[in-house]
J.: 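Please see the structure below; I have some questions.
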Amino acid sequence: MRLLQRHLCTIAMSLVAVCSANAATLVEPTLHIKPAASGAGRVALTLDACDGQTDTRILSALVENKIPATIFVTGIWLKRNAAAVEIMRAHPDLFELENHGGRHIPAVDTPQKIYGIKSAGSPDAVLAEVESGAAALARTGQPAPKWFRGATAEYSPSAIAMIRKLGFKIAGFSINGDGGSLLGAKETARRIAAAKDGDVIISHINQPTHAAGEGVVQGLLALKAKGMTFVRLDDADGTGNHGTTD
Ligand SMILES: [Zn+2]
C-alpha cells in the first residue's frame, strides 16, 4: 500500500512538472523603424482595433491632420464597424490595415492566460487565428496584410516561428502609448508626445468611452507640432527582436 502511495505521488509530481513545463515563457517583441535621415524625425503610429467600437475622436483627428497610421483589425471588429472601415478605405494614403487575428485570441500555442485572456492553446489554433484574420481583411477588399500583431502583443517563441512561416512580419512596438487603453488622457498624451525618431507607438482605436483616446489625439498633435513625420509600417524599414522581422 505504501509502495502504491509513493508510486501515485511520483506520478502526481511528474504531472506538475509537465504542466509547468508546458506553460511557455512569453515574449513581448519590440519594433523600431529606420530613423529619418534628416529633419525632426519620424515615428510609426499603430492602432489596435481589437473588438468593440470605433474611437471617432482618433479617426477624425487622423483624417483632419493627415496623419498616416497602421490599423491592426480583427475579424470581430471588421464585422461591427463597417462605417469606420469605409472611412479608412476612402483614405488609402493614410490607412494601412493589417492583421490582428480573427477572434482576438493571443498567439500562444500552449494553454495559458495572458492578462486574463485565454491563449490559442495549440499550434493549430494559432494558425486558425492568424489565417482567419487575414481572410476577414481579404473579404473587405483590402490588400493582403503583411503584418500580424496578436492579441495582448505577447507570443510564445514557437508561435512566432509559425507566423513568420506563413509570411507575416510580427509587429512589436517601442512605446506603449495608452497602456491597453486604460491610462488617463494626460499620461497617454505624455507618453506619445515623448516619442523619438524611429519609435513605433501602440495605442487603441476601439474604446470611444475611454479617456486614453483623448490623450492619443493630444499626443499626436504635439508630435506633429514638433515637425515629426508619421509613416506606416509598409513604408518603413521595421526591425524587431525575437525573430519577428528577419
Ligand atoms: Zn488587441
Side-chain angles (χ1 to χ4, degrees), residues 26-31 44-59 62 69-82 84-85 88 95-109 112-121 125-137 140 142 145-156 159-160 162-163 166 168-183 188 191-192 200-213 215-216 219-220 232-233 238 240 242 244:
L26 304 184
V27 295
E28 189 180 275
T30 57
L31 180 68
L45 170 66
T46 68
L47 294 167
D48 290 1
C50 311
D51 48 21
Q53 310 295 314
T54 302
D55 191 332
T56 52
R57 296 169 296 183
I58 299 175
L59 186 56
L62 296 178
T70 306
I71 317 287
F72 282 90
V73 298
T74 66
I76 312 167
W77 185 88
L78 281 173
K79 252 188 202 161
R80 296 179 188 155
N81 291 273
V85 175
M88 290 174 188
F95 300 107
E96 171 187 340
L97 271 61
E98 296 289 352
N99 186 357
H100 196 33
R103 292 161 58 210
H104 206 248
I105 298 170
V108 171
D109 56 357
Q112 58 200 91
K113 276 192 175 178
I114 304 112
Y115 303 117
I117 306 180
K118 254 173 110 178
S119 66
V126 170
L127 292 180
E129 171 70 0
V130 178
E131 286 176 336
S132 62
L137 265 170
T140 68
Q142 284 296 305
K146 299 185 190 76
W147 291 85
F148 176 80
R149 175 181 285 150
T152 75
E154 297 208 8
Y155 309 82
S156 48
I160 289 177
M162 281 191 309
I163 298 162
L166 290 176
F168 293 100
K169 290 184 179 183
I170 294 170
F173 56 89
S174 63
I175 290 196
N176 186 342
D178 65 354
S181 185
L182 298 173
L183 293 174
T188 300
R191 287 186 180 197
I192 292 176
V200 175
I201 302 165
I202 183 176
S203 285
H204 289 77
I205 193 166
N206 65 316
Q207 299 284 5
T209 61
H210 290 194
V216 170
L220 292 175
R232 302 173 305 182
L233 292 185
H242 296 296
T244 48

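One-based numbering, in listed order, for ligands and for the atoms of each.
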J.: Will you find, in the side chains of Ser181 and His210, an N or O donor that is under 3.5 Å from an N or O acceptor?
T.: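 His210 and Ser181 do have a side-chain donor-acceptor pair below 3.5 Å.
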J.: What are the protein N, O or S atoms, given as residue plus atom name, that sit under 2.8 Å from the Zn ion (ligand 1)?
T.: Cys50 SG, His100 NE2, His104 NE2
J.: Counting distance only, does the side-chain N/O of Thr74 pair as donor-acceptor with the main-chain N or O of Cys50 below 3.5 Å?
T.: yes
J.: Check whether any side-chain N or O of Glu129 sits under 3.5 Å from a backbone N or O of His104 as a donor-acceptor pair, and report yes or no.
T.: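 Between the backbone of His104 and the side chain of Glu129 there is a qualifying donor-acceptor contact (under 3.5 Å).
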J.: Could you check whether any side-chain heavy atom of Leu31 comes within less than 4.5 Å of a side-chain heavy atom of Trp147, counting everything from C-beta outward?
T.: yes
J.: Grab the two heavy atoms, one from Val27 and one from His242, that are nearest each other, plus how far apart they are.
T.: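 Looking at all heavy atoms of both residues, the closest pair is CG1-CE1, 3.5 Å.
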J.: Between Phe148 and Ala107, what is the shortest heavy-atom contact and its length?
T.: CE2-CB, 4.0 Å
